[in-house]
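Numbers restart at 1 for each chain; the letters A, B, ... are given by sequence-line order, proteins then strands.
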2 protein chains.
Amino acid sequence: MDSRDNVQRSRVTINDIAEATGFAASTVSRALSRPERVNAATRERIVAMARELSYVPNTHARALTSGRTETVAVLVSDVTNPFYFGLIRGTQHQLRAAGYTHLLIDTENSGELESHTLSKMRQSIDGAIMATSRLSRRLLAELAAELPLVAVNRMVRGVESVVLDSPSGVAQAAEHLISLGHREIVYLSGPQNSWANEARWRSLVTTAARHGLPVHRLGPFPAGRMSGSAAADALINTRATACIAFNDLLAIGMLTRLRERGIGVPEEISVVGCDDMFGADFCHPTLTTLAAPIEQAGRVAVSMLLARLNDGAPAARQSAVLPTHLIVRESTGPAPR
Amino acid sequence: MDSRDNVQRSRVTINDIAEATGFAASTVSRALSRPERVNAATRERIVAMARELSYVPNTHARALTSGRTETVAVLVSDVTNPFYFGLIRGTQHQLRAAGYTHLLIDTENSGELESHTLSKMRQSIDGAIMATSRLSRRLLAELAAELPLVAVNRMVRGVESVVLDSPSGVAQAAEHLISLGHREIVYLSGPQNSWANEARWRSLVTTAARHGLPVHRLGPFPAGRMSGSAAADALINTRATACIAFNDLLAIGMLTRLRERGIGVPEEISVVGCDDMFGADFCHPTLTTLAAPIEQAGRVAVSMLLARLNDGAPAARQSAVLPTHLIVRESTGPAPR
DNA sequence: ACAGGAATGGCAACCGTTTGCCGCCCTCGA
DNA sequence: TCGAGGGCGGCAAACGGTTGCCATTCCTGT
């Protein structure tokens, strides 16, 4: 296609095509959006003319009558959290492939903003993917009743979701630490309204209990690198020789702080993160962490949503669970002494 | 506001308000969007009723007639490049504050996709902010003639822009290296169609020339961490003791590779990155780099765009230049021997 | 040869807002 | 007292599609 055409101010409407081909506007509309409703020859002529005139359908006009916008919102609590990289990538690819527009919304960690934005957007989107929503279960379920919705890393009855099986990953991490001789593991807690946070903590409790070991929990800490200092300092006050942090951001922040304070990782303390996000493999020391197929999660979420949008069906399976696994790097080692 | 209302399926239109208040729909419309056109008392009643019914104006209907969408597209070449964090943040805040919708588009490093997407979106957006566009000057200028546009980190005649003064930062970096005794500095080149890449290289050439020192250029390398290995290996083949990389992603990739190959940084080679992006302060060794006020750049870009949209004026200043400065960390040190 | 029905295209209403234009009423100055 | 003009509100026509319904044509089976 000639790139000059791309730039051309799109002023050609369905009526222009109608006039040019001699068909009625309604026929043109059908030829373009419901191909089986018109004769093949007709459709061909219309499509050809549309191309020739480089017709671009008007999204708004279409949305106004049909209600469909071919747009899906993806809500993340913080765009600048590298954890979302994969999710954004995944949803983006899948949506683009399906011809949908990808509307990325940063809710800035506020449930308030989540539901508010969504209500404003209601008419502009066909559905939404909510990653790590801060909404209450009730509110989330209510929303899901109004709007096709898929939640990521959040499990709520009545809401389709794709979750990362970090509990089993946390179990792996705990086994890893225990086998290295650690006898006291601390969990550095993330935001208290985070579903994943609870799931991880519970899994750690269970695994440690199986070995008859104590676990403690510190926090909650906001899920940012900044909180790492506070988390590290709190950790130092305990006798623990190993910890699992809510996510890599927190873990990396801790690494920095521990280094500042001259505490050897992993010689004195072993640190495990979660998510294997951007940076986990080049921080110092490199971080042992739970890898999650987050990009795949994005793709799956989109697939579920689109299936729902097209079939109108309430979805076969209610939720997909994706496996996670431990990646051992430099930040974990044998317990001291 | 009651959060339940947020969720409510928005089916109340301007006509409902008209009926409820006894005014005509046109009056309601004016009361809501052109307040000075109606009597204060009238407006008040209408606004009150709108609130009571929790009316949400229909974006599409509005866009259809008025042509304005209150949406601005922000195009980045790769959402998962942390360099864009600040930009996304900055544009987002400023747009949100102005009541605009932020449409983030990942062009996946393809100029083709840039112009294509933009033409598809033409009717859905009021303007666009193009960060590090891959488009040719001509195409970019053509686009700018069609659509209010602000370019970030790209200077083209006839296109408003905000650029980061990395040339002066590169000069600082070069002086820094030279004062440390380095006599041969290599530039690791980024994508060849990147404006910033050229600007940085030219600045390095100039500065080195002032000191009568030779400079070389290696590459081009794609601006990703992956390319770091190739870049590092190429660097090792030269006699250079210091290098400046197109960006931090590349620099961090190099750091990893140099470490793998047992080459000490900064003992044997000093490395300078550009952008001070997420990760530069916790990689190993921490990276000396050029800090750019990229978030501010985003805010400024939005301000320029909005000014243009509101006044319709062709903008007072054509481009804003933001200062950069060198942040010295661990990856640079005295030249060996 | 004819009723029934599928395939195909046109008509016109409608989606929710904006906006040009017109008309009413009130006020003010002459 | 009357005309001019400003303030304010209503009418109706867009905007660019979609879609329910109807008319026509052409098959098909009997």
Side-chain angles (χ1 to χ4, degrees), chain A residues 9-47 49-50 53-71 99 101 119-126 312, chain B residues 8-47 49-50 53-71 99 120-126:
Chain A
R9 188 176 195 86
S10 136
R11 273 271 148 261
V12 22
T13 77
I14 214 174
N15 297 298
D16 299 328
I17 300 182
E19 199 168 341
T21 57
F23 290 106
S26 52
T27 304
V28 175
S29 170
R30 278 192 277 258
L32 263 23
S33 55
R34 215 191 288 318
E36 75 285 359
R37 258 307 313 269
V38 304
N39 184 293
T42 305
R43 179 191 336 140
E44 209 166 305
R45 278 183 53 200
I46 291 179
V47 168
M49 183 58 73
L53 270 46
S54 62
Y55 164 73
V56 177
N58 183 311
T59 328
H60 303 293
R62 191 200 293 267
L64 195 50
T65 38
S66 70
R68 290 172 299 102
T69 63
E70 314 271 83
T71 297
T101 298
S119 75
K120 276 249 148 70
M121 296 261 104
R122 182 60 189 87
Q123 11 143 294
S124 312
I125 59 181
D126 289 349
Chain B
Q8 194 166 109
R9 188 178 196 86
S10 136
R11 273 271 147 264
V12 21
T13 77
I14 215 175
N15 298 298
D16 299 329
I17 300 182
E19 199 168 340
T21 56
F23 290 105
S26 51
T27 304
V28 175
S29 169
R30 277 192 278 257
L32 263 22
S33 54
R34 214 191 292 313
E36 75 286 357
R37 259 306 312 269
V38 304
N39 183 292
T42 306
R43 178 188 340 137
E44 209 166 306
R45 278 183 54 200
I46 291 179
V47 168
M49 183 57 75
L53 269 44
S54 62
Y55 164 73
V56 177
N58 184 312
T59 328
H60 302 294
R62 192 200 293 267
L64 195 51
T65 40
S66 70
R68 288 172 302 101
T69 62
E70 316 271 83
T71 297
K120 276 251 149 66
M121 298 258 102
R122 182 59 189 87
Q123 11 143 297
S124 313
I125 58 181
D126 289 348

Quiz item: Can you name the residues that form a salt bridge (Lys or Arg N to Asp or Glu O under 4.0 Å) with A:Glu19, not counting sequence neighbours?
Solution: none
Quick test: give all pairs of protein nitrogen or oxygen and nucleotides 24-27 of chain D nitrogen or oxygen below 3.5 Å, distance rounded to 0.1 Å.
none

Self-check item: Closest heavy-atom pair and its distance - B:Ser33, B:Arg62
Solution: CB-NH1, 4.2 Å
Quiz item: How is A:Thr13 classified with respect to the nucleic acid when contacts are heavy atoms under 4.0 Å: base, sugar-phosphate, or nothing?
Solution: sugar-phosphate
Quiz item: Are side-chain heavy atoms of A:Asp126 and A:Thr71 found at a separation under 4.5 Å?
Solution: no
Practice problem: May I have the distance from B:Glu36 (atom CD) to D:dG6 (atom P), rounded to whole angstrom? | Solution: 16 Å
Quiz item: Quick one: CZ on A:Arg11 to OG on A:Ser54, what's the gap to the nearest 0.5 Å?
Solution: 13.0 Å
Quiz item: Does B:Arg68 put a side-chain nitrogen or oxygen below 4.0 Å from OP1 or OP2 of C:dT18?
Solution: no
Quiz prompt | Rounded interatomic separation in angstrom, taking CG from A:Asn58 and C1' from C:dC15 | solution = 13 Å
Quiz item: Run the side chain to side chain contact (heavy atoms under 4.5 Å, CB included) check on B:Tyr55 and B:Met49 step by step: do they pass?
Solution: CA-CA 8 Å; B:Tyr55 164 73; B:Met49 183 57 75; over 6 Å; no
Practice problem: Any chance you could measure A:Thr59, atom OG1, to B:Ile125, atom CD1, to the nearest 0.5 Å? | Solution: 10.5 Å
Quiz item: Between the base of C:dC11 and the side chain of A:Ser26, is there a donor-acceptor distance below 3.5 Å?
Solution: yes
Exercise. Take atom CD of B:Gln123 and atom P of D:dG17, then tell me their distance rounded to the nearest Å.
Key: 8 Å
Quiz prompt | B:Asn15 CG - D:dC11 P separation (whole Å) | solution = 12 Å
Quiz item: Looking at A:Thr27, does any N or O in its side chain come under 4.0 Å of the phosphate oxygens OP1/OP2 on C:dG10?
Solution: yes
Quiz prompt | For atom CD1 of B:Ile14 and atom P of D:dG10, their distance in whole Å | solution = 12 Å
Quiz item: Looking at CG of A:Leu64 and OG1 of A:Thr69, how far apart are the two atoms once the value is rounded to the nearest 0.5 Å?
Solution: 12.5 Å
Practice problem: Using atom NE2 of B:His60 as one end and atom C1' of D:dT18 as the other, report the distance to the nearest whole Å. | Solution: 15 Å
Quiz item: Considering only side-chain heavy atoms of A:Ser29, which listed nucleotide, C:dG16, D:dT18, C:dG10, is closest?
Solution: D:dT18
Quiz item: Taking atom types as modelled and ignoring hydrogens, do the side chains of A:Thr101 and A:Glu70 form a donor-acceptor contact shorter than 3.5 angstrom?
Solution: no
Exercise. Verify, without hydrogens or angle tests, whether B:Asn15 (side chain) and B:Ala18 (backbone) share a donor-acceptor contact under 3.5 angstrom.
Key: no
Exercise. Would you mind reading off the distance between B:Phe23 atom CZ and D:dG9 atom P, rounded to a whole angstrom?
Key: 6 Å
Exercise. Would you kindly give the CZ-to-P distance between A:Arg62 and D:dC15, to the nearest whole Å?
Key: 19 Å
Practice problem: Enumerate the residues from residues 37-45 of chain A whose closest heavy atom to DNA chain C is under 4.0 Å, giving them by residue number; use none for an empty result. | Solution: A:Arg37, A:Val38, A:Asn39, A:Thr42
Quiz item: If you pin B:Ala61 and B:Arg30 to their nearest nucleotides in DNA chain C, which one's is more 5'?
Solution: B:Ala61
Quiz item: Checking B:Arg45 side chain against B:Thr21 main chain: does a donor-acceptor pair fall under 3.5 Å?
Solution: yes
Exercise. Please figure out whether B:Leu64 or B:Arg34 has its closest DNA chain C nucleotide nearer the 5' end.
Key: B:Leu64
Quiz item: If each of B:Ala24 and A:Ala25 is mapped to the nucleotide of DNA chain D with the nearest heavy atom, which maps nearer the 5' terminus, i.e. the 5' end?
Solution: B:Ala24
